[in-house]
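Okay, structure first, notes after.
For ligands, and for the atoms within them, numbers begin at 1 and follow the listed sequence. Sequence positions, counted from 1, serve as the residue numbers for this chain.
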Amino acid sequence: MKFLIVWLLVAVTVTVTVVTAVNVTYDHRALVIDGKRRVLVSGSIHYPRSTPDMWAGLIQKSKDGGLDVIETYVFWNLHEPVRGQYDFEGRKDLVHFVKLVADAGLYVHLRIGPYVCAEWNYGGFPLWLHFIPGIELRTDNEPFKAEMKRFTAKIVSMMKDEKLYASQGGPIILSQIENEYGNIDSSYGPAAKSYIKWAASMATSLDTGVPWVMCQQRDAPDPLIDTCNGFYCDGYKPNAENKPTMWTENWTGWFLSFGGAVPYRPVEDIAFAVARFYQRGGTFQNYYMYHGGTNFGRTTGGPFIATSYDYDAPLDEYGAPRQPKWGHLKDLHNAIKLCEDALVATDPTTISLGQNLEASVYKTSSTCAAFLANVDTKNDKNVNFNGNSYHLPAWSVSILSDCKNVVFNTAKINSMATIKRFVAASVDDLSDSKAISSEWSYVSEPVGISSNDAFNRPGLVEQINTTADQSDYLWYSISTNIKGNEPFLHDGFQTTLHVKSLGHVLHLFVNGQLEGSAIGNAGNPAFTKDVSVVLKPGKNTVDLLSLTVGLQNYGAFFDKKGAGITGPVELDGLKNGSNFDLSSQQWTYQIGLKGESQGLNTGGSSLWVSGSPKSQPLTWYKTGFDAPTGDSPIAIDFTGMGKGEAWVNGQSIGRYWPTYIAPTGGCSACSYKGPYSSNKCLKNCGKPSQKLYHVPRSWLKPSGNVLVLFEEIGGDPTQISFTTQELESLCAQVSESHPLPMEAWSRDNPTRKSKSTPKPRVLLECPHPNQVISSIKFASFGTPQGKCGSFSHGYCRSPNALSILQKVCIGSRRCNIEVSSAAFGDPCIGVVKSLAVEASCA
Ligand SMILES: *[C@@H]1O[C@H](CO)[C@@H](O)[C@H](O)[C@H]1NC(C)=O
Ligand SMILES: *[C@@H]1O[C@H](CO)[C@@H](O)[C@H](O)[C@H]1NC(C)=O
Ligand SMILES: *[C@@H]1O[C@H](CO)[C@@H](O)[C@H](O)[C@H]1NC(C)=O
Ligand SMILES: CC(=O)N[C@H]1CO[C@H](CO)[C@@H](O)[C@@H]1O
């Protein structure tokens, strides 16, 4: 409690700052804030993908990582689930999020959209839009434009009421209207052009006092700035001479799909892309994502986007810095900021230093900064520049903040690395079991129609039109009376059922038994499923449970992409060669599950029966549990379960699906050198796409928590366990040839602070303030090899590296040591040596 009071006092003092209006404009070089051109670094954090109690920490770690701007989309379907009924509570509290960014002293780029893509359900559009008569989405259509304008104006006026635009003294310096429409606008014909003109003038008319941008929109009308999205944007030139070069989405990694391997992007390549962008005249770039987070509930787009939206971002799904990505990009941002005065003073002069070698110089009478790039994908090169010689590794950029000294090279990582693992957490100190609980209760979900709201239709219906996305689930049910002499029966009562579906998942029951399942994939959600079935004399029921796994979020006319069993549904061949078609018969439909309408997800209701039947399809499970101790982030390891959704104290942690396994191929070693693409670097091949699911600490009480699962295909809940994220190792590997650490350079005078010649240093720091370095697992000065977790000595090594590191580091939270022969003795004269260290904290 004491802690809380102190914290409140601090919060109050911080927020009572004087607000003054800030004038944001732009010219051909940069955004101009209060008359001064600025070089800005931005990062995306989507507020609903974390919890409000995580926000301040995420924003602070972004600031510590060298960001100036936080960018977020606004999620229309979250804020207006029913037309005219708004929701800005909890994770949806946009105003609170923007204010926290302001409290940290950072700016906001508010990308209203309101189409946002974002791997978010239906691209952020509320599903009710689809049912407005005469509507056509994202084109010059009056009903659509009326809705888009109403929502955009609503968000702008909320921001204005809270004085959140820079023009009012708030943090918002930029806003976006529409989103990547230029990628697909040709499909919409001439109406696309008039729609974009309308969107630009509608946005401008809302009079925010700050500039608007459109991303991936070459024809963005004045005064909107057209900006670039992509893995690289260094060739981008805006569509008018008076607009700055801005990069609104630089993909720090890529998103995960159920059924896919886990994508990652090496930091040397991101740093290269960002340095190239500023080298060639860019002044604003945004990391998409800086923190990806979690797709809680049913918010993922798709189909098949996973619940984790980690994105290999500099802050991991749980909010912790991903090292060395976070640290290396921080060093890059510092290096760019050292050059800011030169960057904004003039346009770059670019000169070739040879094949694949390029220097860009920003020089005025009083300041000079240079970027030297080697875009060769294989060979390191030595170049001469301004009378000095520089070594440039392949696919790298060196930044010279005074046109002479290298303060940073994108391929040389000085930052420490960490290895983190999720380890089993016991909820009960007295027991050795890793299981969350051995005491479960359950409710069986009826197979087929159980609700009074069920309805009949002749023929098969499209799913999204029918459910309006009120649930993932739609039952298609039919019964037939079998006499035994039907022409589709073979060998007694045996036949085959053929079901054709637009996707995404199907569970097929005959006479109450699960006879088979079918799943599509992200690339092709549709499928045909053939199941051999045995019917019986008399009445037989066929119950098809069709599921969506996130609605389409991208592409021209994505909103019209259907799902569900649109047929045909047939039994095996008749004597005349055709199949027996059930498609056009009378079907009975039920939207959603009985348990959903009974509110079983909250754990309430008196229907629960104790025990836990194993591997039973369509079962709700419930247990109580105590929170794992400590304050490390928590995830549930769902190994043992099939597919379903999970709720903690009534809040959905998302869809779980540990049985959807990534293909075995595609995970071979990936080099950061050469152009990146979304499937270039993959890990976890042949393993579940996602087995760990984030449980936010703020959703838990110390004890008396309720966990509910709905399992579709069958699993054993006594196998699932809590894990917590723990640090296994801290590492660093720094060469004598690396640039000096950032602390050696001064912002006011971009040349070195001290006249003596300092050396590169290794810096280790335990992330947790209450921990100290407890052991040095490995240390080698010389020619060590390998990487964090598997370092080994090379042919040359100093005999005393381990004892020196032990002496300097053990017992301290951070330690710092020069990488030089002066510190360690010279084990191989004339060879460039490095220091590699692996340590642990406790
Ligand atoms: C804002 O800055 C622009 C350009 O720097 C200038 O033309 C304009 O007058 C300024 N507006 C205000 C309200 O100060
Ligand atoms: C949904 O219903 C509308 C109106 O009946 C129809 O035009 C549209 O094609 C349907 N969508 C799908 C995917 O079947
Ligand atoms: C085959 O027989 C079925 C059932 O008698 C009938 O409905 C169908 O039209 C026939 N198909 C052809 C191609 O004759
Ligand atoms: C054109 C393209 O691929 N756009 C993607 C850029 O990345 C964002 C975020 O991952 C996606 O939402 C876009 O679809």
Side-chain angles (χ1 to χ4, degrees), residues 17-42 67-71 95 98-99 101-102 105-112 152-153 155-177 197 199-215 217 220-228 236-248 277-278 280-286 336-337 339-348 362-367 369 747-748:
T17 44
V18 185
V19 286
T20 45
V22 168
N23 183 9
V24 185
T25 57
Y26 60 82
D27 65 13
H28 83 287
R29 276 302 290 139
L31 288 180
V32 177
I33 300 182
D34 270 348
K36 199 171 173 297
R37 286 180 184 160
R38 292 299 311 278
V39 171
L40 297 172
V41 182
S42 170
L67 297 194
D68 307 292
V69 182
I70 301 294
E71 178 266 26
V95 165
V98 171
K99 286 183 174 173
V101 179
L106 300 182
Y107 296 125
V108 171
H109 176 199
L110 193 68
R111 299 172 77 189
I112 299 178
T152 308
I155 296 297
V156 167
S157 78
M158 270 179 83
M159 297 300 121
K160 280 190 185 170
D161 290 350
E162 299 282 343
K163 303 213 178 327
L164 293 176
Y165 284 102
S167 50
Q168 305 170 291
I172 304 172
I173 56 165
L174 272 183
S175 260
Q176 178 179 304
I177 194 77
K197 279 203 182 122
S201 72
M202 182 272 284
T204 313
S205 75
L206 295 174
D207 201 16
T208 59
V210 303
W212 287 90
V213 306
M214 277 187 176
C215 62
Q217 194 69 44
D222 298 342
L224 276 74
I225 309 167
D226 55 314
T227 67
C228 173
Y236 196 80
K237 285 279 157 278
N239 65 15
E241 303 237 305
N242 66 340
K243 296 179 184 177
T245 305
M246 296 176 66
W247 187 1
T248 40
F277 177 72
Y278 289 100
R280 300 184 73 187
T283 48
F284 180 105
Q285 81 91 27
N286 176 68
I336 289 167
K337 287 304 166 75
C339 305
E340 182 169 4
D341 289 346
L343 290 177
V344 298
T346 176
D347 292 306
Y362 293 85
K363 185 172 169 44
T364 66
S365 55
S366 58
T367 151
R747 176 101 204 250
D748 307 327

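A salt bridge does not link Glu340 to Arg37: none of the charged nitrogens lies less than 4.0 Å from a carboxylate oxygen. Salt bridge annotation for Lys160-Asp207: absent, with no cationic side-chain nitrogen under 4.0 angstrom from a carboxylate oxygen.
Nearest protein neighbour of atom 5 (O) of ligand 1, counting heavy atoms only, is Thr25 OG1, 3.8 Å. Distance from atom 14 (O) of ligand 1 to its nearest protein heavy atom, with residue and atom name: Asn23 ND2, 3.2 Å.
Within 6.0 Å of NZ on Lys237 lie more than 12 heavy atoms contributed by other residues, nucleotides or ligands.
Under 3.5 Å, the side chains of Asp226 and Tyr236 contain a donor-acceptor pair of N or O atoms.
For atom 11 (N) of ligand 1, a protein heavy-atom neighbour is found at a distance under 4.0 Å.
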